[in-house]
Amino acid sequence: MKTITLGTESAYKKRRKSAWKELKNQKYLYYMSIPFVLWVFVFQYLPLWGWTMAFQKYKPGIGFFEQKWVGFEHFRTLFRDDHFYQVLRNTLAMSFMGLIAGFIVPVIFALLLNEVRVQTMKRFVQTVSYLPHFVSWVVAAGIVTKMLSTDGGVINDLLLGLNIVDQPVQFMAQGHLFWGIVTGADIWKETGWNAIIYLAAISGIGPELYEAARVDGASRLRQMWHITLPGIRPTIIVLLIMSIGHLLGTGFEKQFLLGNHLVIDYSEVLDLYALNYGLAMGRYSFGTAINIFNSVISLMLLFAANGVFKRFTNESIM
């Protein structure tokens, strides 16, 4: 027993000495990281102090210790509101649709683009595909709305020209179409940009693997399935885990700019709910409670997804 204890202590000392040695060797890198750590702390963690408003009946202009504490009253109000569950439905529906389509389409696009052998065409397609990412949602929403318009809209003109419909379809006035419109607009805007990281991962795959596969008679489709996809699997899993963690964080720009009063039952999401029923009405504590719910659920989803993938694929982000 004594020998085992001494051996454990010796191993611990060696690890500790090795850690200090590594820290000393990389001290300049740690010094360089200090400003970024401070930036994250000041702008990401320090504002969490504002979460205390969710447990107060917050009134601007009154000191922190003079605020009235109400405990979980705002959370109880939130969970008793039927409108909250409708907004949560919209958020989850658009998030899942965006996750599935916005995750699969860039992977397929990257795989297909990687197979283009003419470099000039490949660079042209890649440039054209990621340019919409740099267009603001204000402009993008205007383009989408104009394309779906009943007055000279490209989509309606095409449907009428092919005799698929007898009269223009009012896409922007039908709630059951709104989720699909938002998902399609998001795919158009972000597919090229999201595919860049997959193309970077593909470029790291050794060319000798493809040469060996061609010698064995593998087709290009087989090479994609057995070499390219397994080669970018870690990247795919990491990005999928991070996307699941942001499942409720869909933002509000797309829904706010593409929505209208005719489709509000389908367009309102949690962030818009917090804006309309929190900040706009001066209910700062209620709005903070909504955002806390959003953050806590996102954190739970992140840890759950990370645990599942770590167990079954041995890939994780922490």
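Computation of the quantities below employed the complete heavy-atom set of this structure, encompassing side-chain atoms and omitting hydrogens, waters and symmetry-equivalent molecules.
Atom CZ of Arg214 sits in a crowded spot, with more than 12 heavy atoms from other residues, nucleotides or ligands closer than 6.0 Å. Within a 6.0 Å radius of CZ in Phe134, other residues, nucleotides and ligands contribute more than 12 heavy atoms. When the shell of 6.0 Å around CG of Leu199 is examined, it contains more than 12 heavy atoms from other residues, nucleotides or ligands. For Lys122, the NZ atom counts as densely surrounded, since its 6.0 Å shell holds more than 12 non-hydrogen atoms of other residues, nucleotides or ligands. Heavy-atom neighbours of Phe256 CZ from other residues, nucleotides or ligands within 6.0 Å: at or below the threshold of 12. Within 6.0 Å of atom CH2 in Trp225, 12 or fewer heavy atoms from other residues, nucleotides or ligands are found, so the atom counts as exposed in its surroundings. More than 12 heavy atoms of other residues, nucleotides or ligands sit less than 6.0 Å from atom CD of Glu208.
Ring planes of Trp39 and Phe43: tilted class, angle from 30 to 60°.
A cation-pi arrangement is present between Lys189 and Trp137, with the terminal nitrogen or guanidinium carbon under 6.0 Å from the aromatic centre and inside a 45° cone about the axis.
Not one N or O on the side chain of Thr145 forms a donor-acceptor pair closer than 3.5 Å with the backbone of Gly142.
No side-chain heavy atom of Asn156 sits under 4.5 Å from any side-chain heavy atom of Ser149. Side chains of Arg283 and Thr77 form a contact here, defined as non-hydrogen atoms less than 4.5 Å apart. A 4.5 Å side-chain heavy-atom check between Val70 and Gln56 finds every atom pair outside the cut-off. With contacts defined as side-chain heavy-atom distances shorter than 4.5 Å, the pair Phe309/Ile244 qualifies. The shortest side-chain heavy-atom distance between Leu99 and Ser95 does not fall under the 4.5 Å cut-off.
Scanning all heavy atoms of the two residues, the minimum distance from Tyr198 to Pro106 falls at CE1-CB, 4.0 Å. Nearest heavy atoms, Leu258 versus Met172: O-CE, 3.2 Å. The two residues Phe171 and Leu159 make their nearest non-hydrogen contact at CZ-CD1, 3.8 Å.
If you take CG on Leu248 and NE2 on His246, they are separated by 11.0 Å, rounding to the nearest 0.5 Å.
Under the 6.0 Å cut-off for aromatic ring centres, Phe72 and Phe55 qualify, their centroids lying closer than that. When ring centroids are compared, Trp179 and Tyr266 come within the 6.0 Å threshold. A distance below 6.0 Å separates the ring centres of Trp69 and Phe64.
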In a table with atom names and distances, give each donor-acceptor pair under 3.5 Å that connects a side chain of residues 78-91 to protein atoms at least two apart or in another chain.
from	atom 1	to	atom 2	distance (Å)
Asp81	OD1	His83	N	3.1
Asp81	OD2	Tyr273	OH	2.4
His83	NE2	Glu268	OE1	2.7
Tyr85	OH	Phe79	O	2.7
Gln86	NE2	Asp265	O	3.4
Gln86	NE2	Asp265	OD1	3.3
Arg89	NH2	Asp265	O	2.9
Asn90	ND2	Gln86	O	3.4
Asn90	ND2	Asp265	O	2.9
Asn90	ND2	Glu268	O	3.1
Thr91	OG1	Val87	O	2.9
Thr91	OG1	Leu270	N	3.0

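A side-chain N or O of Tyr210 and one of Thr228 form a donor-acceptor pair less than 3.5 Å apart.
For the pair Glu115 and Arg117, the salt-bridge criterion is met [side-chain N within less than 4.0 Å of a carboxylate O].
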